[in-house]
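To start, the structure under review is shown below, and the notes come after it.
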Amino acid sequence: MNIHYFRFANSFLEPIWNRNYVSSVQITLAEDFGVRKRGAFYETVGCLRDVIENHLFQEVALMAMEPPVSQDFDAVQTEKVKVFQAMRPLQPDDLVRGQYIGYREEPGVPKGSDVETFCALRLFIDSWRWEGVPWYLRSGKYLAETVNEVRVQLKPPPQKLFDDSPRTADRTNYVRFQLSPNSTIALAARVKNKGKQFVGDQEELSMIEEECGERLPYERLLEDAMSGDRMLFTREDTVDAAWAVVDRVLKDHPPALPYQRGSWGPKEAEALIARVGGWHNPSLDGKQPGDVEQRTLPKVKEVLRTG
């Protein structure tokens, strides 16, 4: 709901929210625990079916959709289904599957199981707005954090005017949405340091930061279902269009690769995204090694005044 509101309640975002200014989008849904004695169930689904085709695809739709004509459920679903219809069907080369070491010892899991507990994929949306922009999605069990985050990486300025201008796409401005465990919307921008030199650092300005509510997600969904509020649900044609994107790779896919518990998945997932600088591993405080320094808004204002 934060993504939906932020996108369409603000006018400054729309001019840059397209292939002309966005270089790539990453979405990570990580969990630091395993299947929790649900091995027999997980054998019937796997990571791709369990969370990527539904949860992460819905996040893609909210990021990529055109403005709906109203807040009405059908108006929103109509724009979402267009996103799925514009997605290229996934091919085996678009996919990296992983399985955490020890999964085959879980109750109900066969010794030779090839079910993925980690999945990373690359997809494209062949629309006027998003043509050529790669979207990278990943999710998995027993990863380093429990966090859900979307990162929209922007292209660098057309001219490298300053000596410290970013030279790689992964060091440019970005917009970051953290959906869980806390809600955060942040913008990274370069800010000049104090002094006469035209050098600066990339700072992250947090626009919203709030802890999760008291109700669990499924408690909210059950209440909405009983009251007839369909906003957090989906429509049949939207479901069909999303499944069509993943249909081939449900059976025609590479084998699941082993990865260590507490890691970010198999190393082969890095090769999938190498062309845009690699994965940005989200942390609970939003910081990453070598990444931007987070500042409170008053301090950012102080830095801006020194220029």
Requested in this report: May I ask you to check whether Glu204 and Tyr174 show a side-chain donor-acceptor distance below 3.5 Å?
Outcome: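 Tyr174 and Glu204 do have a side-chain donor-acceptor pair below 3.5 Å.
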Query raised in the report: Looking just at side-chain N and O atoms, do Gln77 and Thr234 make a donor-acceptor pair shorter than 3.5 Å?
Result: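 Present: a donor and an acceptor within the cut-off.
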With side chains defined as the heavy atoms from C-beta onward, is the minimum distance between [X] and [Y] less than 4.5 Å?
X	Y	result
Leu56	Glu59	yes
Ser206	Thr184	yes
Val22	Ile16	no
Leu143	Asp32	no
Tyr142	Ile101	no
Arg151	Thr28	no
Trp279	Gln26	yes
Phe162	Gln197	no

Under 4.5 Å between side-chain heavy atoms, counting indirect links through other Ile/Leu/Val/Met/Phe/Trp/Tyr residues: same cluster for [X] and [Y] or not?
X	Y	value
Val96	Val246	no
Ile3	Val60	yes
Leu154	Phe6	yes
Phe124	Val150	no
Val199	Val191	no

Is [X] salt-bridged to [Y], cutoff N-O under 4.0 Å?
X	Y	value
Glu131	Arg19	no
Asp74	Arg235	yes
Asp114	Arg97	yes
Glu14	Arg129	yes
Lys82	Glu66	no

Answer yes or no: does atom [atom1] of [X] have more than 12 heavy-atom neighbours from other residues, nucleotides or ligands under 6.0 Å?
X	atom1	result
Glu105	CD	yes
Gln91	CD	yes
Glu270	CD	yes

Query - Trace of the side-chain contact (heavy atoms from CB on, under 4.5 Å) decision for Phe8 with Met65 - result: CA-CA 10 Å; Phe8 301 121; Met65 62 189 279; 4.0 Å; yes
Query raised in the report: Hey, mind stepping through Val152 and Met63 against side-chain contact (heavy atoms from CB on, under 4.5 Å) and telling me if it holds?
Result: CA-CA 9 Å; Val152 181; Met63 302 295 293; 3.3 Å; yes
Query - Steps toward side-chain contact (heavy atoms from CB on, under 4.5 Å) verdict (Lys155, Thr172) - result: CA-CA 7 Å; Lys155 293 181 179 180; Thr172 57; over 6 Å; no
Query raised in the report: What about Tyr259 and Phe118, are their ring centers closer than 6.0 Å?
Result: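 Yes.
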Does any N or O in the side chain of [X] come within less than 3.5 Å of the main-chain N or O of [Y], such that one atom is a donor and the other an acceptor?
X	Y	answer
Ser263	Gly265	yes
Ser113	Pro110	no
Asn54	Arg49	yes
Ser127	Ala86	no
Asn18	Pro15	yes

Report task. Applying side-chain contact (heavy atoms from CB on, under 4.5 Å), run through Gln99 and Glu116 and close with a yes or a no. Result -> CA-CA 5 Å; Gln99 185 183 99; Glu116 78 279 0; 6.0 Å; no
How close do [X] and [Y] get, heavy atom to heavy atom, and via which atoms?
X	Y	value
Pro89	Ala244	CB-O, 4.4 Å
Pro282	Arg138	CD-NH2, 3.8 Å
Leu95	Pro254	O-CG, 3.6 Å
Leu48	Val249	CD2-CG2, 3.9 Å
Ser139	Cys47	O-SG, 3.4 Å
Gly200	Arg190	O-NH2, 3.1 Å

Rounded distance (nearest 0.5 Å) linking atom [atom1] of [X] with atom [atom2] of [Y]:
X	Y	atom1	atom2	result
Asn148	Leu29	CG	CG	4.5 Å
Cys119	His253	SG	NE2	9.5 Å
Ile185	Arg7	CD1	CZ	12.5 Å
Ser183	Met1	OG	CE	11.0 Å
Phe177	Ile27	CZ	CD1	10.5 Å
Thr238	Trp243	OG1	CH2	14.0 Å

Query raised in the report: Is it true that the NZ or CZ of Arg122 lies under 6.0 Å from the centre of Tyr136's six-membered ring and within 45 degrees of the ring axis?
Result: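 Negative - Arg122 is either too far from the ring of Tyr136 or too far off its axis.
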Report task. Examine Arg36 relative to Phe33 and say whether NZ or CZ is less than 6.0 Å from the centre of the six-membered ring and inside a 45° cone about the ring axis. Result ->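 So Arg36 does make the cation-pi contact.
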Query raised in the report: Tyr42 vs Tyr103 aromatic rings, parallel, tilted or perpendicular, using cut-offs 30° and 60°?
Result: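 The rings of Tyr42 and Tyr103 stand perpendicular, inter-plane angle above 60°.
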**Report entry** salt bridge (Lys or Arg N to Asp or Glu O under 4.0 Å) contacts touching residues 240-260 (sequence neighbours left out)
**Finding:**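 Applying salt bridge (Lys or Arg N to Asp or Glu O under 4.0 Å) to every pair that reaches into residues 240-260, excluding sequence neighbours, yields Arg248-Asp252.
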